[in-house]
Amino acid sequence: MNRQTNEVARLRRKCIDDMIRYIEEDAAAAQERGDLLNSGSKDGKEFFDAMNDVMVWAGKPNLADFLPVSKWLDPQGIKRNMVRDMGRALGIVSNFVKERVDELKLAEEQETKDLLDILLEHTGEGKQGPDSISNQIVIIIILEMFFAGSETTSSTIEWAMAELLRKPDSMKKVKEEINRVIGPQRKVEESDIDNLPSQRKVEESDIDNLPYFQAVIKETLRLHPVIPLLLPRNAMQDTDYMGYFIPKETQIFVNVWAIGRDPETWEDPLAFKPERFLGSKIDYKGQNFELLPFGSGRQICLGISLAHKVVHLGLATLLNSFDWELRNNICPETIDMNERVGITTRKLKPLEAIPKKRVMDAR
Ligand code: HEM
């Protein structure tokens, strides 16, 4: 999995470069209009909105779960709304898959294949062999990957940026560190974050070169785990757990949001203090039960290594490419940090910050 994730580093680089280009173009246009960024991608926005709605329906307590006889009535309209919004998202993903199928018909031999290319190599209606999958399944797998991988990473970056803007001291420290290690003259590479075999030589283990930045991400995931109750589990049998009796078929949620804010584990738990992770061995890879934003064990996030790269590369690039400022009427203390409740926790009010292109140092 790690090897395959590394092989498509070039694609991630391109996505990050595109993101910076879009921000620059959007920022210039927004300045002329006198407002903030407004992404030009209609499909992107439509998908983002549909996904948001699906996450809200998925996280709503459903009366029908407690009163199964009322299931067919769908008393709160949750199923109805879910089917509608899932349909919107599926429509966009179907078009995306169709575009790729058309591109592949015209393409020569590909150098690098992504997940969709590989899935498409195995499409068929089952006649070709047991390992062939239908087009509909391909669309559903891609939809699931988009759902699992996009809002989680973008929200984590948004929360981190909001926390840094609320705490100018931490912002200053992280920028100084990134500036010292990377500097505005060159792009942030994945090798700056991890010890990867990379396009350029890594002089030392770069992960050690950005300890404060690493700590910022950990602290963000402690306070804002984007899947706060993980995915639900079902007790397969009657279980006695630490003196609690859990009957078979009980649906169980693990509240990692509360674990990350537990005053018995964390000093000053509600404060954003990346320093707490400096020199600490606590990590989010599922071994330290006080910090479980990706879950743990067999059901741990399938995309953890990809998420690790994308979140670090994305945020470091945003910080290295721009200086971020708040609007005139907002100061660090008044940034709205309320959460939108759903199966994922997104910011209730999207963060509004103005990117100012960094001027290259004349070194
Ligand atoms: C900051 C980013 C991310 C966070 C915080 C995150 C967190 C999680 C969590 C908490 C779970 C449930 C684990 C459990 O219930 O124990 C999960 C599942 C999953 N994640 Fe992630 N995730 C992130 C990014 C990604 C990415 C980039 C992908 C890949 C596209 C991905 C793919 C998945 C999949 C497929 C599952 C379902 C695994 C299963 O049910 O077996 N995630 N993630």
Side-chain angles (χ1 to χ4, degrees), residues 1-9 11-12 15-16 19 47-48 51 54-55 58-59 89 93 96-97 114-119 137-163 190 193-194 213-236 250-260 283-318 339-340 342-347:
M1 186 74 165
N2 233 336
R3 182 177 55 79
Q4 279 156 345
T5 312
N6 291 343
E7 276 173 5
V8 286
L11 296 178
R12 281 193 294 284
C15 290
I16 297 283
M19 172 182 79
F47 185 78
F48 192 76
M51 184 168 61
V54 167
M55 297 300 175
V93 174
F96 172 76
V97 172
D114 63 15
L115 175 70
L116 178 54
D117 295 323
I118 293 165
L119 286 172
I137 296 289
V138 171
I139 292 170
I140 288 168
I141 294 175
I142 295 298
L143 177 75
E144 186 172 337
M145 288 301 153
F146 276 6
F147 270 12
S150 54
E151 174 170 349
T152 44
T153 42
S154 64
S155 271
T156 303
I157 292 176
E158 187 181 18
W159 282 117
M161 186 69 97
E163 289 289 5
E190 280 180 7
I193 288 133
D194 263 339
F213 180 58
Q214 297 270 331
V216 163
I217 302 289
K218 283 185 187 167
E219 183 67 339
T220 303
L221 287 165
R222 177 184 74 82
L223 283 170
H224 308 285
V226 280
I227 309 186
L229 302 179
L230 302 184
L231 298 180
R233 274 106 172 126
N234 248 33
M236 290 164 75
T250 305
Q251 198 173 45
I252 298 164
F253 292 93
V254 180
N255 191 341
V256 293
W257 184 94
I259 293 172
D283 210 332
Y284 44 65
K285 299 199 174 134
Q287 302 303 315
N288 302 109
F289 291 165
E290 59 274 61
L291 186 69
L292 292 174
F294 293 95
S296 181
R298 282 167 56 174
Q299 250 190 293
I300 195 169
C301 170
L302 207 69
I304 184 168
S305 67
L306 177 62
H308 174 80
K309 292 180 205 333
V310 172
V311 168
H312 285 85
L313 193 63
L315 182 63
T317 304
L318 288 173
E339 296 163 343
R340 178 286 265 120
I343 200 165
T344 53
T345 46
R346 191 185 272 194
K347 270 184 100 277

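Model, not experiment: these values are computed from the prediction. When a ligand or atom number is given, it counts from 1 through the structure's own listing order.
- The backbone N or O of D283 sits less than 3.5 Å from a side-chain atom of N288, completing a donor-acceptor pair.
- E151 and T344 share a donor-acceptor pair across their side chains, judged by distance under 3.5 Å alone.
- Here the protein heavy atom with the shortest distance to atom 25 (C) of ligand 1 is A148 O, 3.4 Å.
- Between M19 and L318 there is a side-chain heavy-atom pair separated by less than 4.5 Å.
- Proximity to T153 (heavy-atom distance under 4.0 Å) selects the following atoms of ligand 1: 2 (C).
- Of the heavy atoms in L302, both backbone and side-chain atoms come closer than 4.0 Å to ligand 1.
- Heavy-atom proximity to G149, at under 4.0 Å, picks out these atoms of ligand 1: 25 (C), 26 (C), 27 (C), 28 (C), 30 (C).
- F289 has its side chain out of reach of I259: every pair of non-hydrogen atoms, C-beta onward, lies at least 4.5 Å apart.
- A heavy-atom distance below 4.5 Å is not found between the side chains of N255 and L230.
- Side-chain contact between F48 and M51 is present, with at least one heavy-atom pair separated by less than 4.5 Å.
- Taking the six-membered ring where the residue is Trp, the centroids of F146 and F96 are separated by under 6.0 Å.
- Considering each of T152, T344, I141, the one bringing a non-hydrogen atom nearest atom 24 (C) of ligand 1 is T152.
- Nearest protein heavy-atom contact of atom 41 (O) of ligand 1 is Q299 CG, 4.3 Å.
- Atom 15 (O) of ligand 1 has its closest protein heavy atom at R233 NH1, 2.8 Å.
- Protein heavy atom in closest approach to atom 42 (N) of ligand 1: C301 SG, 3.0 Å.
- In terms of protein heavy atoms, atom 9 (C) of ligand 1 is closest to I227 CD1, 3.6 Å.
- If you look at P293 next to ligand 1, the close heavy atoms, those under 4.0 Å, all belong to the backbone.
- Within 4.0 Å of atom 39 (C) of ligand 1, not a single protein heavy atom is present.
- D114 is not listed as a side-chain neighbour of I118, based on a closest heavy-atom distance of 4.5 Å or more.
- With a 4.0 Å cut-off on non-hydrogen atoms, L231 touches ligand 1 through its backbone as well as its side chain.
- Taking the six-membered ring for Trp and thresholds of 30 and 60 degrees, Y284 and F294 have ring planes inclined between 30 and 60 degrees apart.
- Scanning all protein heavy atoms for the shortest distance to atom 4 (C) of ligand 1 gives F294 CE2, 3.3 Å.
- Using bins of under 30°, 30° to 60° and over 60° for the plane-to-plane angle, the ring pair H224/W159 lands in the parallel bin.
- Which parts of ligand 1 touch M145 is read off a 4.0 Å heavy-atom cut-off, strictly below it: atoms 30 (C), 35 (C).
- At the top of the distance list for atom 5 (C) of ligand 1, counting protein heavy atoms only, stands V226 CG2, 3.5 Å.
- Side-chain atoms of L221 and T156, non-hydrogen and from C-beta on, do get closer than 4.5 Å to each other.
- Taking atom 28 (C) of ligand 1 as the reference point, the nearest protein heavy-atom neighbour is G303 CA, 3.6 Å.
- Counting atoms of ligand 1 from 1 in the listed order, those under 4.0 Å from a heavy atom of T156 are 1 (C).
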